[in-house]
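Here is how names work: the chains are called A, B, and so on, in the same order as the sequence lines, proteins then strands, and each is numbered from 1.
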Amino acid sequence: MATFFGEVVVAPSRAGLDEEEEAREETPEDREIRREIEKKRLLCGSFPREVDVLWTWKSGGCAEEPLVCSRFIVAIGRNAAAFLSSFILDSVCWEVVGVVKLWNEWCRTSSTTNVLPTDSFCLFYRLISDPTVLLCQCSCYVAEDQQFQWLEKVFGSMQKKGLQVTILSTCPVADYKTQESTLTLASPFLKALKTKEFQEPVCCPLLEQPNIVRDLPAA
Amino acid sequence: MFIPCDRGGGSAAPDFKGFTLLMPAVSVGNVGQLAIDLVISTLDMTKVGYFYTDCLVPMVGNNPYATAEENSMELSINAEVYSLPSKKLVVLQIRSPFIKNKYRPFCETLLSWVKSSECARVVLLSSSHAYQRNDEQLLGTPLRYLLTPDLEKAVGGRVQELNWKEMEKVAAYPGISDTDKVLHIPGGGITKLLFTESCSKGIQMAVLLKFCSEGDNIPDAFVLVNYLNEWLQLVKSEVNPSSQWKIPSSWRLLFGSGLPPALF
């Protein structure tokens with residue numbers, strides 16, 4: 001596509017296409033480069049896109065019995081994580097039971113459970129008085145290609161029968177589409193999505209089309 | 001990959017044997033996806049299941065085809081399957097982009113699902129960058145088709161009657177005249193991959209595409225869906241070709257919210 005100034009550029013597409021849409025036919029040179037990069041990654045001792053979920057209550061080598069969980073509250077993003085820190089979590093009633101270790105271009109989390117609010121982290125807590133109530137604070141960004149892995153590894157450790165999941169998240173107001181201007185919206189502005197299996201009353205209106213949720217909360 | 005909806009009463013999984021699978025490619029202008037929205041919305045198709053896949057960016061929202069308060073609360077995700085048994089039609093809608101390196105795994109899983117569900121044929125709606133057309137393609141209709149050899153035998157004649165134009169192959173190395181001609185669909189997403197794989201697996205597939213650019217692609221979607229309708233006759237052709245298609249409620253506010261009054 002030619003721009004206003006006559007330079008030829010590749011047109012960006014809303015459909016999220018990138019150059020690799022053309023099926024890659026690797027030259028021997030490409031293959032060699034790719035092999036070298038893979039070797040380097042292995043030497044660093046990690047597979048960069050792997051998501052590791054480490055449960056502190058599981059001693060090494062024990063059987064993989066699923067965690068019995070009746071309620072699972074997941075706070076995704078710094079705002080939601082801060083909400084839980086401010087209003088719900090404390091060291092008396094809640095204990096840390098797990099951590100997610102991952103790396104992507106935006107952030108890296110570690111396996112330490114002693115974190116500062118400004119760190120990127122993803123921790124799991126359990127209510128001491130009712131160990132079937134689980135809470136997750138995920139202030140790190142989980143990349144697109146890691147979201148499915150995160151989901152499978154976290155929920156894979158849980159017994160899902162009778163489980164109620166609540167997901168807390170935030171989105172910029174600028175992303176909200178409404179007939180009126182977004183300046184006139186009430187504050188706090190809350191919207192919800194629920195599955196048909198969720199029968200309890202919802203504390204705020206449902207999110208109407210054409211608005212959608214994406215990334216880890218959607219996953 | 002395919003998870004049927006639980007419609008209650010222990011109903012059996014849907015049977016797509018002999019059906020036509022209609023699906024979009026995530027391509028320039030999202031034209032295929034918009035056209036599929038028009039088909040699902042107009043024919044009031046029933047959701048019968050979804051694809052559980054790690055190949056697409058996750059997304060969720062409420063029912064995009066809602067017509068009233070009562071039906072607006074069903075959740076909708078990134079890859080869903082709708083069916084209309086009276087027309088032997090099953091439609092897949094894809095609502096988010098592909099994750100890097102996941103084109104091929106998705107195509108492979110999709111085609112093996114097509115084979116196992118015994119769909120008769122696949123029709124893929126797609127688009128291609130208008131700015132990449134060669135001189136001949138700049139003239140005449142912006143619509144093109146492709147048929148796999150197996151489908152060519154079945155419907156080649158009908159397509160000739162409709163006077164459709166086949167997607168041209170282009171030189172592998174432009175400017176050098178005696179090189180091989182290859183299929184090149186820039187901006188077409190998985191179109192070329194799905195088509196070439198279908199050819200080699202003996203699947204009956206048709207690709208219908210339109211040359212377009214990013215922008216307001218609603219008119220392109222109408223043109224493409226009418227092109228499809230010339231062949232499949234999903235709705236009766238009206239004098240005004242746009243009036244027979246029902247725009248879904250989710251197409252509201254495609255370009256953002258209302259303006260703040262303080263702007264003026």
Please classify the contact of [X] with chain B as side chain, backbone, both or neither, using a heavy-atom distance under 4.5 Å.
X      : value
A/L216 : neither
A/E144 : both
A/Q149 : neither

Practice problem: Select one option (side chain, backbone, both, neither) describing which atoms of B/L75 are under 4.5 Å from chain A's heavy atoms. | Solution: side chain

Practice problem: Could you tell me which portion of B/Y65 (side chain, backbone, both or neither) has an atom closer than 4.5 angstrom to a non-hydrogen atom of chain A? | Solution: neither

Quiz item: Relative to chain B, which of A/E152, A/K196, A/Q179, A/E208 shows the most heavy atom pairs under 4.5 Å?
Solution: A/Q179

Quiz item: Which of the residues A/D215, A/L193, A/L207 is involved in the greatest number of heavy-atom pairs with chain B at under 4.5 angstrom?
Solution: A/L193

Practice problem: Against chain A, work out which of B/N63, B/V60, B/V57 has the most heavy-atom pairs shorter than 4.5 Å and name it. | Solution: B/V60

For [Y], is there any backbone N or O sitting under 3.5 Å from a side-chain donor or acceptor partner on [X]?
X      : Y      : answer
A/Q137 : A/A81  : yes
B/T42  : B/K246 : yes
B/T53  : B/C55  : yes
B/S257 : A/Y176 : yes

Quiz item: How many angstroms lie between atom CD of A/Q146 and atom CG of B/D54, to the nearest 0.5 angstrom?
Solution: 12.5 Å

Exercise. Determine, stepwise, if the pair A/F72 / A/F155 fulfils ring pair (Phe, Tyr, Trp, His ring centres under 6.0 Å).
Key: CA-CA 10 Å; A/F72 184 33; A/F155 282 86; 5.6 Å; yes

